[in-house]
Visitor: 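One structure follows; several queries about it will come next.
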Amino acid sequence: MDKDYRFGQESSVPDETDKRGDYRLSARATARLQVESAEPAEFGGELVEGSVRTCEVRDLSASGMSLVTTETLRVGSLLTAEIYLSGRAESLRLMVEVVWSKEEGSRYLSGLRVFDSDETDYLSWLEAVADAFTGSE
């Protein structure tokens, strides 16, 4: 059994709002969320960096993931995410929607839905999750 992915973790979600019908895995993974877009500067032609948050992925499935952040994520936000899965050399670029968020002590737990979008690694995501499930059985 792959030690980076495990079945059977209870997921604490607010008021039964986690609606994923898929099985989920606890995972060793990191997400980098672009919460503000990069914009060109008014003068000098320099690129002004957007705001990126690095987060710990708590669990994942083919349709989404939950993650731990230091700041709340606004429900309904559409974000670009770069996911670093344990055992994969390359990251996966995805489009995600924040579907719920709740405070847990000094941190926040948020649920994200992954969806198919042009110029993302959606199909590679599905393959990576399927591979993780196969390796964890």
Side-chain angles (χ1 to χ4, degrees):
M1 181 166 153
D2 189 334
K3 294 178 183 175
D4 293 331
Y5 301 95
R6 298 181 309 281
F7 283 111
Q9 289 284 27
E10 288 291 323
S11 179
S12 58
V13 294
D15 305 319
E16 303 295 321
T17 55
D18 189 349
K19 307 243 187 263
R20 283 182 285 169
D22 300 329
Y23 289 105
R24 65 190 67 128
L25 292 169
S26 294
R28 288 190 186 154
T30 303
R32 293 188 73 221
L33 303 176
Q34 186 168 357
V35 295
E36 293 178 14
S37 297
E39 296 181 16
E42 290 278 331
F43 303 101
E46 296 178 30
L47 184 67
V48 175
E49 289 292 322
S51 180
V52 175
R53 302 285 184 270
T54 300
C55 316
E56 169 194 346
V57 175
R58 180 178 259 185
D59 67 50
L60 56 86
S61 70
S63 61
M65 68 190 82
S66 66
L67 47 84
V68 178
T69 62
T70 57
E71 299 174 20
T72 189
L73 298 175
R74 192 173 68 200
V75 173
S77 296
L78 299 176
L79 306 172
T80 301
E82 193 170 3
I83 310 299
Y84 299 86
L85 297 173
S86 179
R88 279 188 70 96
E90 296 182 13
S91 64
L92 298 169
R93 186 172 171 85
L94 301 170
M95 184 62 71
V96 297
E97 176 185 13
V98 180
V99 292
W100 58 263
S101 186
K102 75 169 194 167
E103 190 172 358
E104 277 196 345
S106 63
R107 304 182 313 170
Y108 294 87
L109 182 62
S110 298
L112 306 180
R113 179 177 66 96
V114 176
F115 58 94
D116 191 1
S117 180
D118 291 341
E119 299 180 25
T120 67
D121 297 319
Y122 181 73
L123 293 178
S124 295
W125 166 259
L126 294 178
E127 291 172 6
V129 171
D131 289 347
F133 273 100
T134 302
S136 66
E137 297 179 323

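None of the values given here were measured: they were computed from a predicted structure.
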Visitor: Kindly say whether A62 contributes a backbone atom to a donor-acceptor pair with the side chain of W125 at under 3.5 angstrom?
Guide: yes

Visitor: Could you check whether E104 pairs with K102 (Lys NZ or Arg NE/NH1/NH2 to Asp/Glu carboxylate O, under 4.0 Å)?
Guide: yes

Visitor: OH/Y84 to OG1/T54 distance, rounded to the nearest 0.5 angstrom?
Guide: 8.0 Å

Visitor: Grab the two heavy atoms, one from A128 and one from R88, that are nearest each other, plus how far apart they are.
Guide: CB-NH1, 3.8 Å

Visitor: Quick one: OG on S110 to CZ on R58, what's the gap to the nearest 0.5 Å?
Guide: 10.5 Å

Visitor: For side chain to side chain contact (heavy atoms under 4.5 Å, CB included), just list the numbers for L60 and L85, CA-CA rounded to whole Å, side-chain angles, deciding distance to a tenth of an Å, and then say yes or no.
Guide: CA-CA 10 Å; L60 56 86; L85 297 173; 3.7 Å; yes

Visitor: Carefully, step by step, assess T69 and R53 under the rule side chain to side chain contact (heavy atoms under 4.5 Å, CB included).
Guide: CA-CA 8 Å; T69 62; R53 302 285 184 270; 5.9 Å; no

Visitor: Output all residues satisfying side-chain contact (heavy atoms from CB on, under 4.5 Å) with R93, sequence neighbours left out; order by chain, then residue number.
Guide: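 R93 satisfies side-chain contact (heavy atoms from CB on, under 4.5 Å) with T80, D121 once adjacent residues are dropped.
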
Visitor: If you define the side chain from C-beta out and look only at heavy atoms, does anything of E71 sit under 4.5 Å from V35?
Guide: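 Not touching, per the 4.5 Å side-chain cut-off.
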
Visitor: Taking all non-hydrogen atoms of both residues, which atom of T72 and which atom of S101 are closest, and how far apart?
Guide: OG1-OG, 3.3 Å

Visitor: Quick one: closest heavy-atom pair of M95 and S117, and the distance?
Guide: CB-CB, 3.9 Å

Visitor: CG/L79 to CG/L94 distance, rounded to the nearest 0.5 angstrom?
Guide: 11.5 Å

Visitor: With the 4.5 Å side-chain cut-off for hydrophobic clustering, are V98 and F115 part of the same group?
Guide: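 Not linked; separate clusters.
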
Visitor: Treat each ILVMFWY residue as a node, draw an edge where side-chain heavy atoms are under 4.5 Å apart, and state whether V99 and Y108 are in one component.
Guide: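 The answer is no; the residues belong to distinct hydrophobic clusters.
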
Visitor: Going from CG on L109 to SG on C55, what distance comes out if it is rounded to the nearest 0.5 angstrom?
Guide: 11.0 Å

Visitor: Hey, could you give me the CG/CZ distance between L78 and R113, rounded to the nearest 0.5 Å?
Guide: 8.0 Å

Visitor: Once you round to the nearest 0.5 Å, how far does CG of L112 lie from OG of S66?
Guide: 8.5 Å

Visitor: Check V57 against L67 and note the closest heavy-atom contact, atom names and distance.
Guide: CA-CB, 4.0 Å

